[in-house]
Every structure is written in structure tokens, then in C-alpha cells.
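The shown structure was predicted, so the numbers you read here are calculated from the model rather than taken from an experiment. Labels below follow one simple rule: chain letters A, B, ... track the order of the sequence lines, proteins then strands, and each chain is numbered from 1.
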Amino acid sequence: DTGVSQDPRHKITKRGQNVTFRCDPISEHNRLYWYRQTLGQGPEFLTYFQNEAQLEKSRLLSDRFSAERPKGSFSTLEIQRTEQGDSAMYLCASSQIWTEDSESYEQYFGPGTRLTVT
Amino acid sequence: QKEVEQNSGPLSVPEGAIASLNCTYSDRGSQSFFWYRQYSGKSPELIMFIYSNGDKEDGRFTAQLNKASQYVSLLIRDSQPSDSATYLCAVKARYSTLTFGKGTMLLVSP
């Protein structure tokens, strides 16, 4: 079990540029989540996948944000036309859930990608 | 709107003392409750989860859940300076995603 990994760990970009982040979940986990966290706040949910299906998107996820998990393994999160307000830590987490009646909902986070938009 | 409330702190305790961290939540349908520890500049690390009313102990950590009062707490016994971090409470209802509080900063002084 190598844990959740994210790449890159840090990204500095200029306003208006596009950025893409990658997340590799724990290998046997079927669910993958994206969160955003700013200073002094808890993580805010953005979207999640079960296998390759994107099941929910937060209203925080504007049209400039898109996420994919094409083969049910790694996922990418792209931000187009970045704005200074996009500066945050982008966190990926994964879990293994069989059904909503399952009691095992633990999510494990990766190290995060810190985005700075200048 | 689902809310999870935590005192932002900082909560200061001396080394060896018991630290008590509290969390309240608004959604009565919440079923699963989690405590994450987050060191400055790092990502959250899951330290405890609890699904049933009562206490759950794991080493120096005890999670307490009272669904009637919509209250969950984390006790850290024999606090160590290395426990100094922000503790995030997270709550999940069925067919819903995790909702996090803003976290409580804990400072353990030697």
C-alpha cells in the first residue's frame, strides 16, 4: 500500500494559464475525491468518482474546472484560465466503499498540490 | 446547509495533560464521524473514526459520539508536543460526501 500520491506538489502559474493536477489513489480503492483547502478553512468538497463515473460535483466547481478518471485509476483535475482566487491546496483522497450501507467510509488523503496563481 | 462547527482555538495544554476537542454538526442524518490531524503545510491524516454512539478508544485517542446532542469529541491523553496540530472534524450522511469543520488548533507546551 503506497498511499495516495499527487503530482505536482507545488505549482506556480500566472493568471489566465491552464493547470492540470494528477492524483493516484490507493490501488484497491474505488472512490476518488477532490477537495480544495484555503488557509484557516477545512477541506471543501469539489467532486468525486466511483471507478470512472463522476457521481457528484459541488457548486464550487465552476465551468473552468474539469476532472476525469478515464480508466477508474488515476484522476486529473484541470483548471482553465486560472484566477488568483484559485490559489489553494488541492487535495485528493480515496476510499473503498461497497455500498452506501457500508460502514467503511474512511477517506485517505494524498499530500496535496499547492497552487499559487500570480 | 450542512454545518460542522469547531472552536478555532488555539487550545493550549501542557505536556502530559488531556486535550479535549469538540465538534457539533447540524445534519441529523449524519452517520459517520471522523477526526483528522493536519500539521501546518501538510495534508489531513485520518486518526479516528466512529459510527456508533458511545466511546471508541485507540491508543491515546478516544472519540466520543452523542447523536442525540449532535456532538462528537476527541480526547488525547498524555498530550505530547508532537500532537500540536490542527484537528479537523468531518461528518458524513448516507448518500452524501464529507463535510469538514474549520479545525481546532492544538498547542501542547513542553
Point to revise | B:K42 atom NZ, neighbour heavy-atom count above 12 within 6.0 Å | key: no
Exercise for review: Report yes or no: does B:S43 contribute a side-chain atom to a donor-acceptor pair with the main-chain N or O of A:G112 at less than 3.5 Å?
Suggested key: no
Exercise for review: Count the heavy atoms of every other residue, nucleotide or ligand shown that sit under 6.0 Å from CZ of A:R64, and state whether that count exceeds 12.
Suggested key: yes
Review point. Quick one: do B:V91 and A:Y33 end up in the same hydrophobic cluster if we chain Ile, Leu, Val, Met, Phe, Trp and Tyr together by side-chain heavy atoms under 4.5 Å apart?
Key: no
Practice item. Verify the cluster assignment for A:Y35 and B:F34: are they in a single hydrophobic cluster under the rule of side-chain heavy atoms below 4.5 Å apart? Key: yes
Check your understanding: Shared ILVMFWY cluster between B:W35 and A:F45, side chains joined below 4.5 angstrom?
Key -> no
Review point. More than 12 non-hydrogen atoms from neighbouring residues, nucleotides or ligands closer than 6.0 Å to CD on A:Q80, yes or no?
Key: yes
Point to revise | Segment of B:Q38 engaging chain A (4.5 angstrom heavy-atom cut-off) | key: side chain
Review point. Can you tell if the side chain of B:L46 reaches within under 4.5 Å of the side chain of A:F109, non-hydrogen atoms only?
Key: no
Point to revise | Minimum heavy-atom distance B:Y36-A:Q107, with the two atoms named | key: OH-O, 2.6 Å
Review point. Mind checking which of residues 100-109 of chain B sit less than 4.5 Å from chain A, heavy atom to heavy atom?
Key: B:F100, B:G101, B:K102
Review point. Hey, what do you get for OG1 (B:T97) to CG (A:L55), rounding to the nearest 0.5 Å?
Key: 11.5 Å
Check your understanding: Can you name the closest pair of heavy atoms from B:P44 and A:L91 and give their distance?
Key -> CD-CD1, 3.9 Å
Practice item. Name the region of B:L98, side chain, backbone, both or neither, that has any atom closer than 4.5 Å to a heavy atom of chain A. Key: both
Practice item. Can you tell which part of A:E44 gets under 4.5 Å to a heavy atom of chain B, answering side chain, backbone, both or neither? Key: neither
Review point. By a 4.5 Å heavy-atom criterion (distance strictly below it), what part of A:E56 contacts chain B: side chain, backbone, both, or neither?
Key: side chain
Point to revise | Single-linkage hydrophobic cluster, 4.5 Å side-chain cutoff, A:Y108 and B:M48 together | key: no
Review point. Who are the salt bridge (charged side-chain N to carboxylate O under 4.0 Å, His left out) partners of B:E57, not counting sequence neighbours?
Key: B:R77
Check your understanding: Taking a hydrophobic cluster as the set of Ile, Leu, Val, Met, Phe, Trp and Tyr residues connected by side-chain heavy atoms closer than 4.5 Å, whether directly or through intermediates, do B:F49 and B:L88 fall within one such cluster?
Key -> yes
